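Take a look at the structure set out below.
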Amino acid sequence: MLLVLLLFILSCAAFTISSVAGGGAGLVIMPVLGLMLTASRIPAALSIGTMISTTGRIATFRRAIMWRVVLLFLPAALPAAALGVYCLRLMPPVYLELLLGLFLSGNVLLLLRPQATIQPDPACWRSLPIIGFAAGFISGFTGATGLLFNRFYQKLGLQKEAIIATRAANEVLLHAIKLVLYARFGLFDHSVLVAGLVVGASAIVALQVTRLVLPLLTHAQFCRIGHAAAAVAGMFMLGSAAHQIALKDAMSLSYGRAHGETELAMTWRSHRVALELERPLELEVKHRVALASDPGSGRHGATLTVLHLAADRGVFVTRRVLGGHDGKRWGGDGAFGHPHHRHDA
């Protein structure tokens, strides 16, 4: 119950800001939904909430919809959304979320620049189907596109009310089709429905605030708030995606000093990469890959490749096959191995 209340409060704040900024609430809400749902079900819950939100925005700003944009956007976006939902069945969207987080965080640079008016670019109309395809795929795969394409709408010459209304018209049918596909692929259950309805209810509350605030903003202020919201959403996504990757793929960083050696190491799945500084003036870059255990002996093996950069011995590479209880201990990697092979670089 506490999580539901937290979701409602955060969603109210996120949708209020996103309505003024032109989108992005779903990207901010994702981390909280991750506490309630599995990664594969987050997009379905987001789609319920954002569909309710977009329906309310269409009803409020319907006179500002630019239908030419909708007609060019949707034909490519709809099949792309189906492709995104299908890909969601095959893999979690966490790595795409990490990339989107990095992209959105780049809006910090736009905030640091002097405020400038974005000039309409007629060439953007030709690339609108491509943008529709990209938006549809990302929306189907992650459940939200938010502020990713706001700058594109601005280059089409749309003003603040038109951006909100046209984006809503583009997305409402997209979300409806996604919900059917999510249900068809078994990504929809009672917990998804509850979370989605909570998000949707908060969006309706936020819409009432938007109707009062939006007329008070100039278009330049609207764009500025959009950049700030995108940067915040990107940081939220980066933190959430990094946490999920660290848990799912056993990713970790370590640093240590012993016997005159300094080592910085990173593990990811079955890989371990280490940078080791030895005395006198020798640098080693190690890459160890764990292998499947031997069914007969039950021993775990690994391959180890080391790039040596030594002041007295030059640059060379050694490779080893590690495993079992035979062989001798090597270096600081905590494994036993066979004699190595040297390859001069």
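What you see is a predicted model, and the numbers here were worked out from it, not measured in a lab. Counting begins at 1 with the first residue of the sequence. Because only heavy atoms are used, hydrogens play no part in the values below, and waters and symmetry mates are left out as well, while side chains stay in.
Taking Ser11 as the reference, nothing meets the side-chain hydrogen bond (donor to acceptor under 3.5 Å, both in side chains) condition, with sequence neighbours excluded. Here Phe137 pairs with Phe141 under the ring pair (Phe, Tyr, Trp, His ring centres under 6.0 Å) rule; sequence neighbours left out. The side-chain contact (heavy atoms from CB on, under 4.5 Å) check on Ala265 picks up Ser254, Glu263, Arg272, Ala274, with sequence neighbours excluded.
Taken to the nearest 0.5 Å, the CG atom of Leu187 stands 12.0 Å off from the CD1 atom of Ile42. One finds the OG1 atom of Thr303 at 13.0 Å from the CZ atom of Arg320 (value rounded to the nearest 0.5 Å).
For the salt bridge (charged side-chain N to carboxylate O under 4.0 Å, His left out) condition, the pairs that include at least one residue of residues 186-214, sequence neighbours left out, are Arg41-Asp189.
Counting all heavy atoms, side chain and backbone alike, Leu173 lies closest to Leu74 at CD2-CD1, 4.3 Å. Residues Phe152 and Ser127 share a closest heavy-atom pair of CE1-OG, 3.5 Å. The minimum heavy-atom distance between Leu193 and Ile48, with the atom names listed, is CA-CD1, 4.0 Å.
For the pair Val321 and Leu304, the minimum side-chain heavy-atom distance is 4.5 Å or more.
By the 4.5 Å side-chain criterion applied to Ile, Leu, Val, Met, Phe, Trp and Tyr, Leu212 is assigned to no cluster and stands alone. The hydrophobic cluster analysis finds Val289 isolated: no Ile, Leu, Val, Met, Phe, Trp or Tyr side chain comes under 4.5 Å of it, directly or through other members.
Side-chain atoms of Thr54 and His175 include no donor-acceptor pair closer than 3.5 Å. Looking at Lys178 and Ser139, their side chains do bring a donor and an acceptor atom within 3.5 Å of each other.
Just one of Val205, Thr210, Leu207, Ile29 meets the side-chain contact (heavy atoms from CB on, under 4.5 Å) condition when paired with Phe15; it is Ile29.
Between Tyr86 and Phe185, the ring planes lie perpendicular to each other; the angle is over 60°, past the 30° to 60° tilted range.
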